[in-house]
Amino acid sequence: MSKIIKINKNSPEVSKIKLAAEVIKKGGLVAFPTETVYGLGADALNEKAVKKIFKVKGRPADDPIIVHVADRKELKRLAEEIPEEAEELIERFWPGPLTLVLKKTERVPKVTTGGLETVAVRMPDNAIALSLIKEAGTPIAAPSANLFGKPSPTSAKHVEHDLGGKVDLIIDGGSTRIGVESTVLDVTSSPPVLLRPGGVTLEELKEVVGEILLHPAVKGRASRVARAPGMKYRHYAPKAKLILVEGKPERVRRKIQQLLKKFKSPGVITTNEKHSYNGEVVFVGSEAKEIARNLFKVFREFDERGVDVILAESISETGLGLAVMNRLKKAAYKIIRA
Ligand code: TXA
Ligand code: MG
């Protein structure tokens, strides 16, 4: 089994952080909390260590990994140029759930970037993550700490379930605050391109840089759109087949009622406490923020209950709703309009 240590996320115990940092320095793997989801970390500049990440997750080698930094000086050593727009975004959103894709320097191994000439960088807003990076003295490459294709982990328990025994250390820093991953924005071109909606909303980004282009994968289904780096694979999926029902709330409710009769052990994800359905029903929250925080946990709970189908209500694609709908669409086996 992997070693698990509890660390206080408000004031991380120095001795425990040192222990975890030693593992990173020696080329090992440490799963740690961020404000979005748990990450599976290794020294971003150590090729051998980064290769282990791909192996342990079962992740294709061409899917690039986000590099986590604790200060801006480190960013300058990873990125060849930092456009004015990126500087403004960093000023406003770091530390926080915004990942910027920039032209990489020689220093960043191609293994880390999946062979690309760009590198994705972010500064997480979590004291454990920040002190771990500082103490390790190196940027930390970390994808979400789940098995490839599975929902991202929002607690140490989820990490243990997927990767227990395969990593050197798991840091338990409690449940993550945001629940969906960071926003990924490509700032190598102008206007910037939103590659993945996440914790920082499109509306917030626009307040800072005005125009932003949306990659087709943001609103579309993964399988139906041309690939962008790292977007060709189905993600976040629970074991059960997820059917996403879009449309006006009342029509969606009726459609789900109808569909429920077709399956033996269905589950329902609802965003309205008043909607009552037959079967295993989980209320994920009424507001996007709450839904984002609970979504992946609920996917995992349904897996444990062994439902064969999950019927999910859609939500509006505004604010954090854009990230929530993106994850639902990517996990979906089928999307139906009510
Ligand atoms: O919130 C998060 O971002 C979490 C925590 C641990 O920081 N990490 C995370 O990593 O979600 P991962 O590997 O599950 O997702 C990284 C995404 C992928 O879609 C990948 O393709 C994209 O970022 N990405 C990474 N480097 C890129 C690059 N150079 N160009 C374009 N996309 C990139
Ligand atoms: Mg992931």
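Salt bridge annotation for Asp71-Lys76: absent, with no cationic side-chain nitrogen under 4.0 angstrom from a carboxylate oxygen. Here Glu87 does not pair with Arg92 in a salt bridge; the nearest charged N to carboxylate O distance is not below 4.0 Å. The pair Lys110-Glu117 meets the salt-bridge criterion, since a charged nitrogen lies less than 4.0 angstrom from a carboxylate oxygen. With salt bridges taken as basic N to acidic carboxylate O contacts below 4.0 Å, none links Glu35 and Arg177. Salt-bridge annotation for Asp172 and Lys6: present, with a side-chain N of the basic residue lying under 4.0 Å from a carboxylate O of the acidic one. A salt bridge links Glu91 with Arg72; the closest basic N to acidic carboxylate O contact falls under 4.0 Å. Salt bridge absent: Lys206 and Glu203 never bring a charged side-chain N and a carboxylate O closer than 4.0 Å. Remark: Glu181 engages Arg327 in a salt bridge, criterion side-chain N to carboxylate O under 4.0 Å.
You'll find the side chain of Pro139 reaches within 4.5 Å of the side chain of Leu78, heavy atoms only. Side-chain contact between Lys241 and Lys334 is absent, with no heavy atoms from C-beta onward closer than 4.5 Å. Side-chain contact check for Glu22 versus Ile24: every heavy-atom pair is 4.5 Å or farther apart. When side chains are defined from C-beta on, Thr113 does not count as touching Thr118, because their heavy atoms never get closer than 4.5 Å. Proximity of Ile212 to Leu202: side-chain heavy atoms (C-beta onward) are separated by under 4.5 Å at one or more points. Using a 4.5 Å heavy-atom cutoff, the side chains of Lys329 and Glu317 are in contact. Taking 4.5 Å as the limit, every side-chain heavy atom of Phe148 sits out of range of all side-chain heavy atoms of Pro143. Side-chain contact between Thr183 and Pro197 is absent, with no heavy atoms from C-beta onward closer than 4.5 Å.
Closest approach of Gly321 to Ile315, counting heavy atoms only: CA-CD1, 3.7 Å. Closest heavy-atom contact between Val159 and Ala31: CG1-CB, 3.6 Å. Of all the heavy atoms in Ala288 and Val324, the pair that sits closest is O-CG2, 4.1 Å. The heavy-atom pair separating Glu135 from Ala21 by the smallest distance is CG-CB, 3.5 Å. What you find for Val307 and Ala240 is that their closest heavy atoms are O-CB, 3.3 Å. Among all heavy-atom pairs drawn from Ile256 and Tyr277, the shortest one is CG2-CE2, 3.5 Å.
Residues Asn272 and Thr270 have side chains that never bring a donor and an acceptor to within less than 3.5 angstrom of each other. Of the N and O atoms on the side chains of Ser182 and Arg196, at least one donor lies less than 3.5 Å from an acceptor on the other residue. Asn126 and Thr34 are not linked by any side-chain donor-acceptor pair at a separation below 3.5 angstrom, with hydrogens and angles left out of the test. Residues Glu313 and Thr271 have side chains that bring a donor and an acceptor to within less than 3.5 angstrom of each other. Side-chain polar atoms of Glu160 and Ser2 form no donor-acceptor pair below 3.5 angstrom.
To the nearest 0.5 angstrom, Met325 atom CE is 7.0 Å from Ile335 atom CD1. Taking CD of Glu88 as the reference point, atom CD1 of Ile82 lies at 13.0 Å (rounded to 0.5 Å). Remark: Thr188 OG1 to Lys104 NZ distance equals 14.0 Å, nearest 0.5 Å. To the nearest 0.5 Å, atoms OG1 (Thr154) and CG (Asn294) are separated by 8.0 Å. How far CD1 of Ile269 is from CD1 of Ile243: 12.0 Å, rounded to the nearest 0.5 Å. We find the CZ-CG distance between Arg107 and Leu45 to be 5.0 Å, quoted to the nearest 0.5 Å.
Linking Ile, Leu, Val, Met, Phe, Trp and Tyr residues whenever their side-chain heavy atoms come within less than 4.5 Å leaves Ile170 and Leu19 in two separate clusters. A single hydrophobic cluster is seen to contain both Val67 and Leu130, as judged by linkage of ILVMFWY side chains at heavy-atom distances under 4.5 Å, directly or through other members. Both Val119 and Met123 are part of a single hydrophobic cluster, where members link through side-chain heavy atoms under 4.5 Å apart. Ile171 and Ile140 fall within the same hydrophobic cluster, where Ile, Leu, Val, Met, Phe, Trp and Tyr residues are linked whenever their side-chain heavy atoms come under 4.5 Å apart, directly or through other members. At a threshold of 4.5 Å between side-chain heavy atoms, the hydrophobic network of Ile, Leu, Val, Met, Phe, Trp and Tyr places Val37 and Ile65 in two separate groups.
Checking side-chain atoms of Asn146 against main-chain N and O of Lys150 turns up a donor-acceptor pair under 3.5 Å. A distance-only check finds a donor-acceptor pair linking the side chain of Glu13 to the backbone of Asn8 [under 3.5 Å]. The closest donor-acceptor contact from the side chain of Gln257 to the backbone of Ser276 lies under 3.5 Å. Checking side-chain atoms of Thr112 against main-chain N and O of Val108 turns up no donor-acceptor pair under 3.5 Å. Judged by distance alone, the side chain of Lys9 and the main-chain N or O of Ser175 form a donor-acceptor pair under 3.5 Å. Counting only distance, with no hydrogens or angles, the side chain of Ser189 and the backbone of Pro192 share no donor-acceptor pair below 3.5 Å. Asp62 places no side-chain N or O within donor-acceptor distance of the main-chain N or O of Gly114, the cut-off being under 3.5 Å. Between the side chain of Asp63 and the main chain of Arg59, no donor-acceptor pair closer than 3.5 Å is present. Judged purely by atom type and a 3.5 angstrom limit, His161 has no side-chain atom pairing as donor or acceptor with the backbone of Lys157.
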Given Glu250 and Arg254, is the salt bridge (charged side-chain N to carboxylate O under 4.0 Å, His left out) satisfied, shown in steps?
CA-CA 6 Å; Glu250 186 45 35; Arg254 263 184 281 146; 3.6 Å; yes

Before you tell me yes or no, could you show the steps for Leu328 and Phe299 under side-chain contact (heavy atoms from CB on, under 4.5 Å), namely the whole-Å CA-CA distance, both residues' side-chain angles and the distance that decides it to 0.1 Å?
CA-CA 10 Å; Leu328 282 169; Phe299 280 0; 4.0 Å; yes

side-chain contact (heavy atoms from CB on, under 4.5 Å) between Lys57 and Leu147: does it pass, once the steps are laid out?
CA-CA 5 Å; Lys57 275 200 66 155; Leu147 284 176; 5.8 Å; no

Report the C-alpha distance between Arg122 and Thr36 in whole Å, list the side-chain angles of each, state the deciding distance to 0.1 Å, and finish with yes or no for side-chain hydrogen bond (donor to acceptor under 3.5 Å, both in side chains).
CA-CA 12 Å; Arg122 87 176 190 99; Thr36 56; 3.2 Å; yes

How far apart are the C-alpha atoms of Leu98 and Leu205, what are their side-chain angles, what is the distance that settles it, and do they pass the side-chain contact (heavy atoms from CB on, under 4.5 Å) test?
CA-CA 9 Å; Leu98 176 65; Leu205 293 175; 3.9 Å; yes

Give the C-alpha distance, both sets of side-chain angles, the deciding distance and a yes or no for side-chain contact (heavy atoms from CB on, under 4.5 Å) between Glu85 and Ser190.
CA-CA 9 Å; Glu85 280 172 333; Ser190 186; 3.5 Å; yes

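Counting heavy-atom neighbours within 6.0 Å of Lys25 NZ, excluding the residue itself, gives a total above 12. No more than 12 heavy atoms of other residues, nucleotides or ligands sit less than 6.0 Å from atom CZ of Arg77. Within 6.0 Å of NE2 in His275 there are more than 12 heavy atoms belonging to other residues, nucleotides or ligands.
Paired with Trp94 under the rule side chain to side chain contact (heavy atoms under 4.5 Å, CB included), one option of Leu89, Val69, Asp125 passes, and it is Val69.
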